[in-house]
> 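Sharing a structure with you now.
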Amino acid sequence: QVQLAESGGGSVQAGGSLRLSCAASGLTDSSNYIAWFRQAPGKEREGVAVMNTRAGIPKYADSVKGRFTISTDNAKNTVYLQMDSLEPEDTAMYSCAADSFARFLFGGRWDEPEKYRYWGQGTQVTVSS
């Protein structure tokens, strides 16, 4: 059974930083996409960043490039999202999602939430101006 557990959300002022963690268990494939999504009230869910856990290659949404960094500690089966220079527009519920990289080989983008079968419960990030 796959389980994803997020932690690290909170409230911060604009310009501040937060680090989110996503601890994954039960993933059986050696190569997976573990992604961070966010959803603000009244808005669609948005892909923020993804890590290919085998290749170690990250991808980012344009809105967070240069400010957010995704990384992985494979020994701990944990993916981190370091968020710097936070803006009020970053306020959202952040969730991690995971699935086998093989599901993306024949179509579909990493930032399509419907491609992921496994989701965490989410952690709230609030950025005040």
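Source: prediction; values computed, not measured.
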> Where do G47 and A61 come nearest, in terms of heavy atoms and distance?
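Taking G47 first and A61 second, the nearest heavy atoms are O-CB, 3.3 Å.
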
> Indicate if F37 and L18 have the same hydrophobic cluster label, given that clusters are the connected sets of ILVMFWY residues with side-chain heavy-atom separations under 4.5 angstrom.
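Each belongs to a different hydrophobic cluster.
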
> Rounded to the nearest 0.5 Å, how far does CD1 of I57 lie from CD1 of I70?
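One gets 12.5 Å once the value is rounded to the nearest 0.5 Å.
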
> Could you check if a side-chain atom of W110 sits within less than 4.5 angstrom of a side-chain atom of D99, using non-hydrogen atoms only?
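W110 vs D99: side chains apart.
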
> Are any of the side-chain nitrogens in D111 or K59 under 4.0 Å away from the carboxylate oxygens of its partner?
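Salt bridge between D111 and K59, a charged N being under 4.0 Å from a carboxylate O: no.
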
> If you look at every heavy atom in S21 and T78, which pair is closest and at what distance?
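That closest heavy-atom pairing would be CB-CG2, 4.2 Å.
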
> Same cluster for W36 and V12 if Ile/Leu/Val/Met/Phe/Trp/Tyr side chains link at under 4.5 Å?
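Linked within one cluster.
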
> What are the two closest non-hydrogen atoms of D90 and S85, and how far apart are they?
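Closest heavy-atom pair between D90 and S85: OD2-O, 4.4 Å.
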
> How far does CZ of R19 sit from OG of S71, to the nearest 0.5 angstrom?
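If I round to the nearest 0.5 Å, the distance is 7.0 Å.
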
> Will you find, in the side chains of E89 and S63, an N or O donor that is under 3.5 Å from an N or O acceptor?
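Looking only at side-chain atoms, S63 and E89 do not form any donor-acceptor pair under 3.5 Å.
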
> Supply the atom-to-atom distance S25 OG to N77 CG, rounded to the nearest 0.5 angstrom.
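The distance works out to 8.0 Å.
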
> Could you pull out the closest heavy-atom pair between A92 and R38, with the gap in Å?
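Closest approach of A92 to R38: CB-CB, 3.8 Å.
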
> Tell me the ring-ring contact (aromatic ring centres under 6.0 Å, His included) pairs involving residues 72-106, sequence neighbours left out?
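Listed once each, the pairs are Y33-F101, Y33-F104, F104-Y116.
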
> Check whether any side-chain N or O of E6 sits under 3.5 Å from a backbone N or O of G122 as a donor-acceptor pair, and report yes or no.
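Such a contact is found between E6 side chain and G122 backbone.
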
> P113 and R45: which non-hydrogen atoms are nearest, and at how many Å?
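Looking at all heavy atoms of both residues, the closest pair is CB-CD, 4.0 Å.
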
> Please name all residues satisfying salt bridge (charged side-chain N to carboxylate O under 4.0 Å, His left out) with K43, sequence neighbours left out, ordered by chain then number.
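None.
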
> Let's go through R54 and D29 carefully: what are the C-alpha distance in whole Å and the side-chain angles of both, what is the deciding distance for salt bridge (Lys or Arg N to Asp or Glu O under 4.0 Å) to 0.1 Å, and is it a yes or a no?
CA-CA 10 Å; R54 184 173 187 178; D29 286 2; over 6 Å; no

> For atom CD of E114, decide whether the heavy atoms of other residues, nucleotides or ligands shown that lie under 6.0 angstrom number more than 12.
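Yes, because the 6.0 Å sphere around CD of E114 holds more than 12 heavy atoms from other groups.
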
> Restricting to non-hydrogen atoms, name the atom on A24 and the atom on I34 that form the minimum distance, rounded to 0.1 Å.
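For A24 and I34, the tightest heavy-atom pair comes out as CB-CD1, 4.3 Å.
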
> Quick one: are L20 and V125 in side-chain contact, heavy atoms under 4.5 Å?
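Yes; the side chains approach each other to less than 4.5 Å.
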
> Consider side chain to side chain contact (heavy atoms under 4.5 Å, CB included). Of V127, V64, T91, T126, which one does L86 pass it with?
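With L86 as partner, V127, V64, T91, T126 yield a single side chain to side chain contact (heavy atoms under 4.5 Å, CB included), made by V127.
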
> May I ask whether L105 and V50 are part of the same hydrophobic cluster, defined by side-chain heavy atoms of I, L, V, M, F, W, Y residues being less than 4.5 angstrom apart, directly or through others?
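Linked within one cluster.
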
> Any side-chain heavy atom of V48 sitting closer than 4.5 Å to one from M83?
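Side-chain contact under 4.5 Å: no.
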
> When hydrophobic residues are tied together by side-chain contacts of less than 4.5 Å, even through go-betweens, does L81 share a cluster with W119?
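Hydrophobic grouping puts L81 apart from W119.
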
> Quick one: pull up OG in S129 and CD in Q13 and give me the separation to the nearest 0.5 Å.
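Rounded to the nearest 0.5 Å, the OG-CD separation comes to 9.0 Å.
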
